[in-house]
Amino acid sequence: METQFKKTGKFHLDFFFEGERNEAFSAKLEKYLQKMKTYFPFLDELQLKISSRNTFPHSAGIASSASFMSAVAMTLCSMEQYPHCRRITNDLRKKASYMARLGSGSASRSVFPKLAGWGWHPDLENSSDEFAVGAALQLHPKMKDIRDAVIIVDASPKKVSSSKGHELMKGHFLAENRVQQASANFAQLLNALKQGDWDSFSTVVENEALSLHAMMQNFIR
């Protein structure tokens with residue numbers, strides 16, 4: 001993402017995705033920025049030009065909104081300190097994580113360079129529902145270079161958006177059990193990451209994926 005701005009005394013946004021104007025994405029971004037004026041009053045005086053691109057298909061289920069919203073939040077927090085912002089501090093990441101969450105829950109984690117956890121959990125120190133915390137210091141040396149490998153079998157947008165998926169959970173009879181399951185799985189993952197236990201890590205991740213897949217099948221029938 002590339003951002004240019006100048007002080008004009010009136011808010012204005014020009015948004016380009018892959019080199020072209022995208023009204024749907026622009027409307028979503030402007031709605032987010034309007035909300036951010038409460039935290040960043042200087043936005044009212046700026047003309048913004050934001051250019052964004054993806055290295056993988058957008059809306060296909062690989063958290064493109066998270067990467068975008070985290071980049072926007074980091075930019076806003078850096079602009080707030082401009083021209084004094086010389087480096088990215090822990091406090092800056094924490095605030096950016098909080099701001100990113102208001103645009104996309106997953107984005108709260110994406111401001112960190114390595115693994116991060118979002119949501120309060122008794123086993124994750126300093127964890128919170130309002131911002132994510134970096135988990136890099138809790139990684140076993142064998143886990144520090146962990147990566148995702150993604151095979152794209154369909155580049156078209158997914159039929160059920162993440163927002164819609166979250167809405168389907170409200171009041172669902174499986175919701176309470178799902179929260180308990182996620183908490184238990186998270187505890188096991190944290191332990192596996194600390195111990196360098198690839199077998200336990202792989203088992204929990206696979207079970208989590210299959211569980212979510214089964215729930216979505218139940219929702220969309």
Side-chain angles (χ1 to χ4, degrees), residues 54-71 93 97 100-101 103-170 172-221:
N54 279 351
T55 56
F56 48 81
H58 72 83
S59 305
I62 320 179
S64 54
S65 61
S67 62
F68 177 67
M69 286 300 181
S70 63
R93 287 195 192 279
S97 178
R101 177 186 61 82
S104 164
S106 297
S108 65
R109 299 186 296 260
S110 298
V111 302
F112 296 92
K114 292 185 179 293
L115 293 184
W118 171 46
W120 181 85
H121 194 281
D123 294 349
L124 183 60
E125 187 177 0
N126 299 322
S127 59
S128 171
D129 291 337
E130 297 190 342
F131 52 84
V133 293
L137 296 179
Q138 303 178 38
L139 296 179
H140 187 278
K142 292 197 301 184
M143 299 293 196
K144 288 187 176 181
D145 293 325
I146 192 170
R147 296 287 189 276
D148 276 331
V150 179
I151 299 176
I152 300 173
V153 296
D154 187 346
S156 60
K158 56 187 177 183
K159 296 180 180 179
V160 181
S161 69
S162 297
S163 297
K164 182 62 176 178
H166 293 314
E167 290 177 7
L168 291 171
M169 281 296 291
K170 294 179 180 178
H172 195 276
F173 72 96
L174 292 175
E176 184 176 350
N177 287 338
R178 169 58 194 154
V179 171
Q180 294 176 358
Q181 180 191 50
S183 180
N185 284 343
F186 189 60
Q188 292 183 56
L189 284 177
L190 286 175
N191 186 62
L193 288 169
K194 292 176 183 177
Q195 301 298 324
D197 187 344
W198 277 108
D199 290 338
S200 295
F201 177 84
S202 302
T203 298
V204 176
V205 169
E206 182 68 11
N207 287 341
E208 181 78 357
L210 293 175
S211 178
L212 287 173
H213 181 67
M215 289 184 68
M216 288 306 299
Q217 284 186 317
N218 177 270
F219 287 150
I220 62 179
R221 284 176 179 173

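Numbers here simply count residues along the sequence, with the first being 1. Source: prediction; values computed, not measured.
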Report the distance from atom [atom1] of [X] to atom [atom2] of [Y], rounding to the nearest 0.5 Å.
X: R178; Y: N185; atom1: CZ; atom2: CG; value: 6.5 Å
X: R109; Y: R101; atom1: CZ; atom2: CZ; value: 12.5 Å
X: D197; Y: Q188; atom1: CG; atom2: CD; value: 10.5 Å

Identify every side-chain donor-acceptor pair in residues 127-139 under 3.5 Å, counting partners at least two apart or on other chains, and give the distances.
| from | atom 1 | to | atom 2 | distance (Å) |
| --- | --- | --- | --- | --- |
| S127 | OG | H121 | N | 2.9 |
| S127 | OG | H121 | O | 3.0 |
| S127 | OG | L124 | O | 2.8 |
| S128 | OG | E130 | N | 2.9 |
| D129 | OD1 | W120 | N | 2.8 |

Please find the pair of heavy atoms, one from [X] and one from [Y], that lie closest to each other, and give the distance.
X: A116; Y: F112; value: CB-CD1, 3.6 Å
X: G196; Y: H140; value: N-CB, 3.5 Å
X: S108; Y: S97; value: O-OG, 2.7 Å
X: M143; Y: F201; value: CE-CB, 4.3 Å
X: L189; Y: V205; value: CD2-CG2, 3.8 Å
X: A107; Y: A66; value: CB-O, 3.4 Å

| query | Is the backbone N or O of N207 less than 3.5 Å from a side-chain atom of S211, with the two atoms forming a donor-acceptor pair by type? | reply | no

| Checking S183 side chain against Q180 main chain: does a donor-acceptor pair fall under 3.5 Å? | no

| task | Please say whether more than 12 non-hydrogen atoms of neighbouring residues, nucleotides or ligands are located less than 6.0 Å from CD in E176. | result | no

